[in-house]
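So the structure is just underneath, and the comments pick up after that.
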Amino acid sequence: PIAYYDATTGHINYLGTNTYTNEEIIKINSSISTEMSMDNLAIKDDYFTYLNNKLNKGFVVNSSSYKITEDVSDEISD
């Protein structure tokens, strides 16, 4: 289903005939809340400056695990 949620009114407008169940809406809301919390945590802890400093020192970020490693050969298999 495709829908638009208006947070100011709490109303969902569906585009089409398919709708979301209450459980699906709760799951979507939980996912969005988690992402927002992680975004806020990254900003609060200045994660991007930390990451930039590591990258400037030659560290590598594995995009599948988001692990920072010193050895580039660890990342070649990705």
Side-chain angles (χ1 to χ4, degrees):
I2 299 173
Y4 169 76
Y5 175 71
D6 185 340
T8 59
T9 63
H11 183 65
I12 299 175
N13 294 315
Y14 289 97
L15 302 174
T17 57
N18 295 333
T19 61
Y20 288 105
T21 65
N22 287 341
E23 292 79 17
E24 289 172 316
I25 292 171
I26 290 169
K27 185 177 178 181
I28 292 167
N29 185 44
S30 176
S31 176
I32 291 170
S33 294
T34 299
E35 289 177 21
M36 289 176 63
S37 294
M38 293 302 292
D39 289 347
N40 289 335
L41 183 61
I43 292 167
K44 179 182 170 189
D45 290 345
D46 203 9
Y47 172 74
F48 298 105
T49 299
Y50 164 80
L51 179 60
N52 188 49
N53 290 338
K54 290 292 187 181
L55 293 174
N56 286 337
K57 292 180 181 177
F59 286 69
V60 176
V61 178
N62 179 326
S63 61
S64 62
S65 68
Y66 300 103
K67 180 177 75 175
I68 299 174
T69 61
E70 292 184 64
D71 187 2
V72 176
S73 65
D74 289 346
E75 306 307 321
I76 293 175
S77 62
D78 289 346

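Since we're looking at a predicted model, the values are computed, not measured. Numbers here are sequence positions counted from 1.
Transitive grouping of hydrophobic side chains (ILVMFWY, heavy atoms separated by less than 4.5 Å) brings Met36 and Ile25 into a common cluster. Hydrophobic clustering (ILVMFWY, side-chain heavy atoms < 4.5 Å, transitive): Tyr5 and Ile26 are in distinct clusters.
In this structure, Leu15 belongs to a hydrophobic cluster whose other members, linked by side-chain heavy atoms under 4.5 Å apart, are Ile2.
In this structure, Tyr14 and Tyr20 approach most closely via the heavy-atom pair OH-N, 3.2 Å. Between Ala3 and Ile12, the closest heavy-atom pair is CB-CG2, 3.7 Å.
Note that NZ of Lys27 and OG1 of Thr21 are 10.0 Å apart. Values are rounded to the nearest 0.5 Å. Put simply, CE on Met38 and OG on Ser33 are 13.5 Å apart, with the number rounded to the nearest 0.5 Å.
Considering only residues two or more places apart in sequence or on other chains, Thr34 meets the side chain to side chain donor-acceptor pair (under 3.5 Å) condition with none of them. Residues forming a side chain to side chain donor-acceptor pair (under 3.5 Å) with Asn22 (at least two apart in sequence, or on another chain): none.
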